[in-house]
Number of protein chains: 2
Amino acid sequence: MPYDPSAFPPFAVTVDLVVLTVRRHALCALAVRRGEPPFQGRWALPGGFVRADEDLAQAAARELAEETGLRAHDPAVPAQDNGAHLEQLATYGDPKRDPRMRVVSVAHLALAPDLPAPRAGGDASNARWAPVEELLQQGGYGRDGEPVAPLAFDHAQILSDGVERARSKIEYSSLATAFCPTEFTVGELRRVYEAVWGVALDPRNFHRKVTGTPGFLVPTGGTTTRQGGRPAQLFRAGGATLLNPPMLRPEV
Amino acid sequence: MPYDPSAFPPFAVTVDLVVLTVRRHALCALAVRRGEPPFQGRWALPGGFVRADEDLAQAAARELAEETGLRAHDPAVPAQDNGAHLEQLATYGDPKRDPRMRVVSVAHLALAPDLPAPRAGGDASNARWAPVEELLQQGGYGRDGEPVAPLAFDHAQILSDGVERARSKIEYSSLATAFCPTEFTVGELRRVYEAVWGVALDPRNFHRKVTGTPGFLVPTGGTTTRQGGRPAQLFRAGGATLLNPPMLRPEV
DNA sequence: GATCATAGTCGTCTGCCTGACGATAAACAC
DNA sequence: GTGTTTATCGTCAGGCAGACGACTATGATC
């Protein structure tokens with residue numbers, strides 16, 4: 001195939017972000033309201049065009065910072081604090097996914113601890129954390145009784161894929177700690193698993209499992225009582241990234 | 001962000017293919033020789049531009065058919081024969097990955113049973129199955145004593161990611177059957193695992209494990225003796241796609 | 001201050017799965 | 001027949017997970 005610039009059609013390339021966090025025992029995703037057509041007024045995933053001199057991961061990190069103020073976690077610096085986990089998810093390129101033009105979107109998945117409040121260009125009403133089931137239900141009515149419109153474009157599919165990735169990845173990696181603050185208790189980590197998987201876990205077996213997995217948790221020495229009840233030990237994420245044996249997701 | 005066609009730079013979008021198979025107890029990948037600069041004469045992964053009206057998966061399936069004659073396995077037809085498994089792998093978009101222009105490549109992973117012979121535009125000398133370690137070694141000398149040049153572009157990284165995906169995915173899915181013909185024996189399936197993982201497995205424990213996992217294998221009733229020794233039962237891939245519990249890859 | 005509710009932590013027991021490995025079965029080569 | 005190769009069945013011990021009892025340490029309530 002000789003090199004011929006007219007031999008290939010031009011594409012626009014964007015990054016879209018599935019930013020997940022756990023709030024009030026529910027897995028939530030960041031959604032922004034679209035200000036212009038198509039899908040004006042509908043909720044969508046945050047994202048934007050990749051710039052001419054930018055790598056895909058850079059573009060995703062830039063969008064993440066613009067939308068949330070989060071810095072992306074550099075994989076080369078595992079002990080970095082307050083950085084969000086960011087990884088490529090999948091690429092969506094259906095010719096009709098954007099009615100305006102041919103857009104290929106490289107979706108990324110970000111996991112963040114619970115954050116104060118979202119921002120989207122400074123306008124809080126145009127960005128929110130919403131439970132993923134609420135964003136994924138087709139039509140129907142949300143918790144507040146208002147009608148729910150599906151996400152713009154193919155973003156329901158992207159969000160669904162991102163949630164599934166997160167659900168499976170916390171099984172065999174220490175990624176669940178990305179949902180926790182720098183220091184956290186075993187109970188807080190358990191509530192992350194329960195929210196992401198949507199199941200209840202036995203606190204005793206969970207405690208035995210996570211404290212017995214080498215490299216998963218490192219005790220800081222401190223304790224906290226912010227959950228009420230007996231004070232709990234505080235931990236930081238250990239160096240291990242892959243858990244062997246993995247956490248087991250209960251059968252449905 | 002208002003819609004402004006001049007606000008985004010144009011990209012070329014390609015699909016690159018990591019086509020894996022098991023030949024002579026070794027994990028092999030399809031490589032094609034580049035006929036023009038850049039990297040003229042070097043080996044590369046097969047691939048090509050995505051057309052204007054084509055989905056990414058369609059483009060990957062078309063390239064796969066052009067290079068190997070394989071039809072992609074439609075996930076909606078699980079019992080389809082002789083179709084190769086095809087899935088999206090990852091997307092590579094470093095601004096300098098192609099010296100000519102800005103190219104974003106959506107890599108796909110294909111798994112195929114052992115095939116007669118590769119073809120690349122009818123010229124067999126420009127396409128071959130090569131063991132992945134041979135393609136991935138940087139410089140040095142191959143089995144035949146000839147100097148080995150690294151793969152073109154970032155294809156070593158793509159191939160490495162594809163191999164790692166395959167290695168981990170046969171742990172928890174029935175994907176290893178994609179390397180086998182329609183009917184196969186437990187021993188043949190074991191040799192697939194051994195080649196992909198590069199380890200030796202205990203035949204007795206392997207047999208117990210795979211025949212005891214519901215939905216993994218379905219006996220066809222026939223037997224074969226094509227491996228020599230006692231005749232072995234023939235199986236087809238069962239309906240299960242996810243293995244629970246998974247196959248365990250031995251520690252290094 | 002006693003009592004209660006809440007949450008955390010340590011143990012025990014049982015069943016299942018895995019790895020190691022012995023034994024037998026059925027073909028082919030000589 | 002003997003040896004070789006591959007397939008298949010069985011046995012046994014160790015480890016891990018699920019179920020669940022027991023105890024500890026805090027704050028809330030009376």
Side-chain angles (χ1 to χ4, degrees), chain A residues 24-25 170-172 180 183-195 197 199-236 240 242-252, chain B residues 24-25 170-172 180 183-195 197 199-236 240 242-252:
Chain A
R24 283 183 259 116
H25 294 208
I170 64 174
E171 287 189 60
Y172 58 88
C180 295
E183 296 199 344
F184 55 90
T185 68
V186 172
E188 288 165 352
L189 184 62
R190 176 169 47 82
R191 280 180 279 275
V192 165
Y193 275 91
E194 291 178 333
W197 284 343
V199 298
L201 300 175
D202 184 289
R204 297 157 292 187
N205 292 336
F206 184 87
H207 187 278
R208 177 183 61 189
K209 173 72 180 177
V210 295
T211 57
T213 300
F216 195 4
L217 300 182
V218 176
T220 67
T223 60
T224 183
T225 173
R226 61 173 166 250
Q227 299 287 338
R230 170 177 167 179
Q233 271 188 276
L234 283 169
F235 294 88
R236 274 200 311 271
L242 255 52
L243 304 181
N244 211 322
M247 304 291 298
L248 289 187
R249 174 159 34 164
E251 311 288 322
V252 179
Chain B
R24 282 183 260 118
H25 294 209
I170 65 173
E171 286 190 60
Y172 58 88
C180 295
E183 297 199 344
F184 54 90
T185 69
V186 173
E188 289 165 350
L189 184 63
R190 177 169 48 81
R191 280 180 278 276
V192 165
Y193 276 91
E194 291 177 333
W197 284 344
V199 297
L201 299 174
D202 185 289
R204 297 157 292 189
N205 292 336
F206 184 86
H207 187 278
R208 176 183 61 190
K209 172 74 177 175
V210 296
T211 56
T213 300
F216 194 4
L217 300 183
V218 176
T220 67
T223 61
T224 184
T225 173
R226 61 173 166 251
Q227 299 286 339
R230 170 176 165 179
Q233 271 188 277
L234 283 169
F235 294 88
R236 272 199 314 269
L242 256 53
L243 303 181
N244 211 321
M247 304 292 297
L248 290 186
R249 174 161 31 167
E251 310 288 321
V252 179

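Here is how names work: the chains are called A, B, and so on, in the same order as the sequence lines, proteins then strands, and each is numbered from 1. Excluded from the calculations below are hydrogen atoms, water molecules and symmetry mates; all remaining heavy atoms, backbone and side chain alike, are included.
- In this structure, A:Leu248 atom CG and C:dC17 atom C1' are separated by 12 Å, rounded to whole Å.
- Looking at heavy atoms from C-beta onward, A:Glu171 lies in side-chain contact with A:Trp197 at the 4.5 angstrom threshold.
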Verify side chain to side chain contact (heavy atoms under 4.5 Å, CB included) between B:Leu217 and B:Phe184, making sure each step is shown before the conclusion. CA-CA 10 Å; B:Leu217 300 183; B:Phe184 54 90; 3.7 Å; yes

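- Between A:Arg230 atom CZ and D:dA28 atom P the separation is 18 Å, expressed in whole Å.
- Between the side chain of A:Arg204 and the base of D:dG18, no donor-acceptor pair under 3.5 Å is found.
- In this entry the distance linking CZ of A:Phe235 with C1' of C:dG8 reads 11 Å, nearest Å.
- The nearest whole Å value for the distance from the CZ atom in A:Phe206 to the P atom in D:dA19 is 16 Å.
- For D:dC16, neither phosphate oxygen OP1 nor OP2 lies less than 4.0 angstrom from any side-chain nitrogen or oxygen of A:Lys209.
- For the pair A:Gly228 and B:Pro231, both in contact range of DNA chain D, the more 5′-proximal nearest nucleotide belongs to B:Pro231.
- Using a 4.5 Å heavy-atom cutoff, the side chains of A:Arg249 and A:Ile170 are not in contact.
- For A:Arg249 and D:dG18, the shortest distance from a side-chain N or O to OP1 or OP2 is not below 4.0 Å.
- In this model, the phosphate group of C:dA27 is not approached by any side-chain N or O of B:Arg226 to a distance below 4.0 Å at OP1 or OP2.
- In this structure, the nucleotide among C:dT9, C:dA7, C:dC21 sitting nearest to the side chain of A:Gln227 is C:dA7.
- B:Arg191 CZ to B:Leu201 CG: the interatomic distance, rounded to the nearest 0.5 Å, is 11.5 Å.
- Rounded to whole Å, atom P of D:dT6 lies 9 Å from atom NE2 of B:His25.
- In this structure, B:Leu234 places its CG atom 14 Å from C1' of D:dT6, rounding to the nearest Å.
- Computed from coordinates, the A:Leu243 CG to D:dC16 C1' distance equals 15 Å when rounded to whole Å.
- For B:His207, a side-chain nitrogen or oxygen approaches OP1 or OP2 of D:dT8 to under 4.0 Å.
- The two residues A:Phe206 and A:Val186 make their nearest non-hydrogen contact at CE2-O, 3.6 Å.
- Nearest-nucleotide assignment on DNA chain D puts the 5′-proximal partner with B:Pro203, out of B:Pro203 and B:Arg208.
- For the pair A:Arg190 CZ and C:dA7 C1', the computed distance is 8 Å after rounding to whole Å.
- In this structure, B:Pro245 and B:Gly229 both approach DNA chain C, and ranking their closest nucleotides by distance from the 5' end singles out B:Pro245.
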